[in-house]
Amino acid sequence: MFDIVIWVSVSKAWSIEKVQNAIIQRLKLKVEGGVNEVETAQLISNELGGLRYLLLLDEVWDPFDIHETGIPNNDKDSKVVFASRFRDLCYDMDADELVNMKRLSEIDAFKMFEEKVGRTMKNPSIIPIAQLVVRQCAGLPLLIDKVARVFRKKDNIHLWRDGLRSLQRWPSIKIQGMDEVLEFLKFCYEDLDGEDKKVCFLYGALFPEDSDIFVDYLMECWKAEGFLPNVDEFRDARDRGHNILHDLINVSLLERSAMKRHVRMNKVLRNMALKISSRVLDHKFLARTCEGIKEVPMEEEWASASRISLMDNDLCTLPAAPNCTNLSTLLLQRNYNLMMIPDSFFLSMQGLRVLDLHATAITSLPPSLSCLTHLRALYLNSCTRLIELPSSLEALVHLEVLDIRRTRIISLPIQVGSLTQMRCLRMSLSNFGAGNPISKVISSISLLEELIIDVEPNTLWSDQVMRTITEEVSTLTRLTSLTFSFPKVECLEIFVRSSRLWKDLSFTFQFSVGICNSVKYHILDYFEYQSCKCLKYANDEGIHPAISEILTETEVFELIDHKKILSLSDFGTENFSKLRACSVDGCKDIICIIDGNVAPPCAFEWLERMVINNAPSLQCIWKGPVPVGCLAQMTTLTLYNCPVLKKIFSNGLIEQLYELQHLSVEECYEIEEIIIETENPCLDPTTLPSLKKLVLHDLPKLISIAPDDLLIWPSLERLDIASCPSLLKLPFTGINAINLRSIQAEESWWPTLVWLDNAMEQRLRPFCNFSNLSP
Ligand SMILES: *[C@@H]1O[C@H](CO)[C@@H](O)[C@H](O)[C@H]1NC(C)=O
Ligand SMILES: *[C@@H]1O[C@H](CO)[C@@H](O)[C@H](O)[C@H]1NC(C)=O
Ligand SMILES: *[C@@H]1O[C@H](CO)[C@@H](O)[C@H](O)[C@H]1NC(C)=O
Ligand SMILES: *[C@@H]1O[C@H](CO)[C@@H](O)[C@H](O)[C@H]1NC(C)=O
């Protein structure tokens, strides 16, 4: 493809001159001594001017102008590819396209390992061990390379097994050549600007390798530890924390997990973090997580540690009074059999700032809890046997975060009200006695910024109690985030009338109104961060001004089992102006989702996701004219069990959906055409330009996806079709859907398809992944 390929390792100790020298060598140019940079650049430029070149720049550390080296801009379709660990640098270097290099998949990792090891891999009994060896390398090519070099010398299974055992204990034991890997990775760490980022990164090693760490929680720990100095308010601390997280992710020290709002630290980096922290005097970690240990580590180890994590083990007992004067974090969560904390356990832990005991079996907290005068964050959630909070709680004068959700605590002690620093309180109402369960406690916590009061689904509270709580919550003036269940719209109305906070731009809420079966927001999982405004409204009927009013601020709306409305527009289409995601489930009277006859221009302009389940009367999504700009951001549309729905894209709608990426239609028994010819005459061939994934399940009457073979389907990658027995033709020609790479279909259905041209079938067949789940 190219006249010449030039590879230059730029590396940290780079200079324009060095890059030029490498290019000169590759071009086999003769340069006499005494030639300066500019002259060399001219030489290179002359030489490459007429060639189609590919320039590969490896390991770029600093941004630079490649033209300074003499690389010319020519019109020969030449390319420059560079690799860097710093994403921001790609922007500085004006990259046209960014390719994120992920870790190798297990299959690719094994392939690479196999290639590097060579002949010894021919022994079949070695293969399973080799797979375990590769898993230790966490998909990092650099590490696979080093490890393969170590293993290629081992020519029998004993040596392999022994090697695997050593590797599993690396880096606590030395393996020749491998420390180099850690040194290499350490660059990223040492290159971080700012001690705060370094300590935040190291803290991640307290969590099990490759586990999903909840970002909001991690930030609470960072704040409690004092890693985010000079921020008092939680909201500011979270912003600062996100900033740090962003930078750590950008240099690949942490990675986003597949689970939204979670991050991960891979095994190798975690090992590195543990190693680094073991060398720093006041930063010693004792981290033994997920090891199934039943006995706590030796007390000497406790004594020297500043942070201890023994989460996810089988501990039953704890030492009586460990001497841990330097301990600031103690993580004991999910030791499900830990029933008791010795009375004097906290006696010598005055410095403790984070204590996590969630999901343990403790029934009470020991008297020595009162020694924890520096404690900032206390997690007792899901301690399902914990009956009460001790009155000594008031000694915890610095406590900022308290989580007592899903415990058996039946009353909030009055002392909680004296915790004047408390900013984040999370509790469940389910267990609180019928009297006045929070008895003026909440309103006395004047600094409270974040409040979650879970009401277990299907619990009935007297209206009087809920009204009192609502009134109390309304008096809090510093709140920035509130999660609360209003049993009836009337309670919501009290709140809407007495507190103006919810209108504040940066205020976030998760309200549920009415009795629902689940407290979870299903649709919320798609959002990166929790900080948004959500309303879940269940089991009511008609429209209500308080709902319309809250809707004006709502970004995520779930409407469940709601009766006596014909469309969402009944709440006022103009009131959905901030909506980003919406789910409508079990609303039996809804005929259309949006009524265009009352829609202003750009209605639902920010809506990204729409999910419609169980709509027995639904006839169409949009009725009437579709003003320009409506639904222009929608990326996902999911329809499930709409038994009378015939029209998905009514006249004029489809033209608006240029961002639609995923369309899923399931159990809609009347659907005959996905794109109806009569509704959509004169379709533009580029209709649905962004559609990547199309799912069609259980559509017995479906005969056509789109009229003719007109559409280009430029983005379509995946097709998933099941139980559509009447569909006998796919809308593909030899030249459209060029990105289609995966087809999920039933093996028995595929041969029933009719093809205009057999070549088409042959092109698509390799992409098929057949299932045999015939109806
Ligand atoms: C890294 O930083 C750039 C710009 O600062 C940003 O656009 C990008 O999303 C960041 N990368 C990650 C993975 O967050
Ligand atoms: C606690 O940390 C200090 C340094 O911050 C150190 O001098 C001291 O030895 C540590 N104490 C223990 C018990 O390790
Ligand atoms: C705890 O450790 C510190 C520092 O090593 C020491 O000074 C102190 O005497 C110890 N306390 C007890 C009760 O052992
Ligand atoms: C939209 O909300 C406002 C209050 O915020 C309300 O007055 C209006 O009636 C609502 N529109 C409809 C059609 O309900």
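When a ligand or atom number is given, it counts from 1 through the structure's own listing order.
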Of all heavy-atom pairs linking Cys383 and His358, the shortest is SG-CA, 4.1 Å

protein heavy-atom neighbour closest to atom 14 (O) of ligand 4 works out as Phe571 O, 3.5 Å

Ligand 4 atoms nearer than 4.0 angstrom to some heavy atom of Gly572 are 11 (N), 12 (C), 13 (C)

Nearest heavy-atom contact between Arg467 and Ile494 is CG-CD1, 3.1 Å

Using the rule given for ring-ring contact (aromatic ring centres under 6.0 Å, His included), can you reason through Tyr379 versus Tyr217, listing the C-alpha separation, both sets of side-chain angles and the distance that settles it, and then say yes or no?
CA-CA 10 Å; Tyr379 299 93; Tyr217 167 81; 5.0 Å; yes

Next item on the list: Please determine if Asp720 and Lys693 form a salt bridge, counting it only when a charged side-chain N lies under 4.0 Å from a carboxylate O.
Entry: no

Tell me if the centroids of the rings in Phe495 and Phe511 come within less than 6.0 Å of each other.
yes

Atom 2 (O) of ligand 4 sits nearest the protein heavy atom Asn575 ND2, 2.3 Å

task = Considering only protein heavy atoms, determine whether one is less than 4.0 Å from atom 5 (O) of ligand 4.
result = yes

Below 3.5 angstrom, do we get any N/O pair linking Glu574 and ligand 4? yes

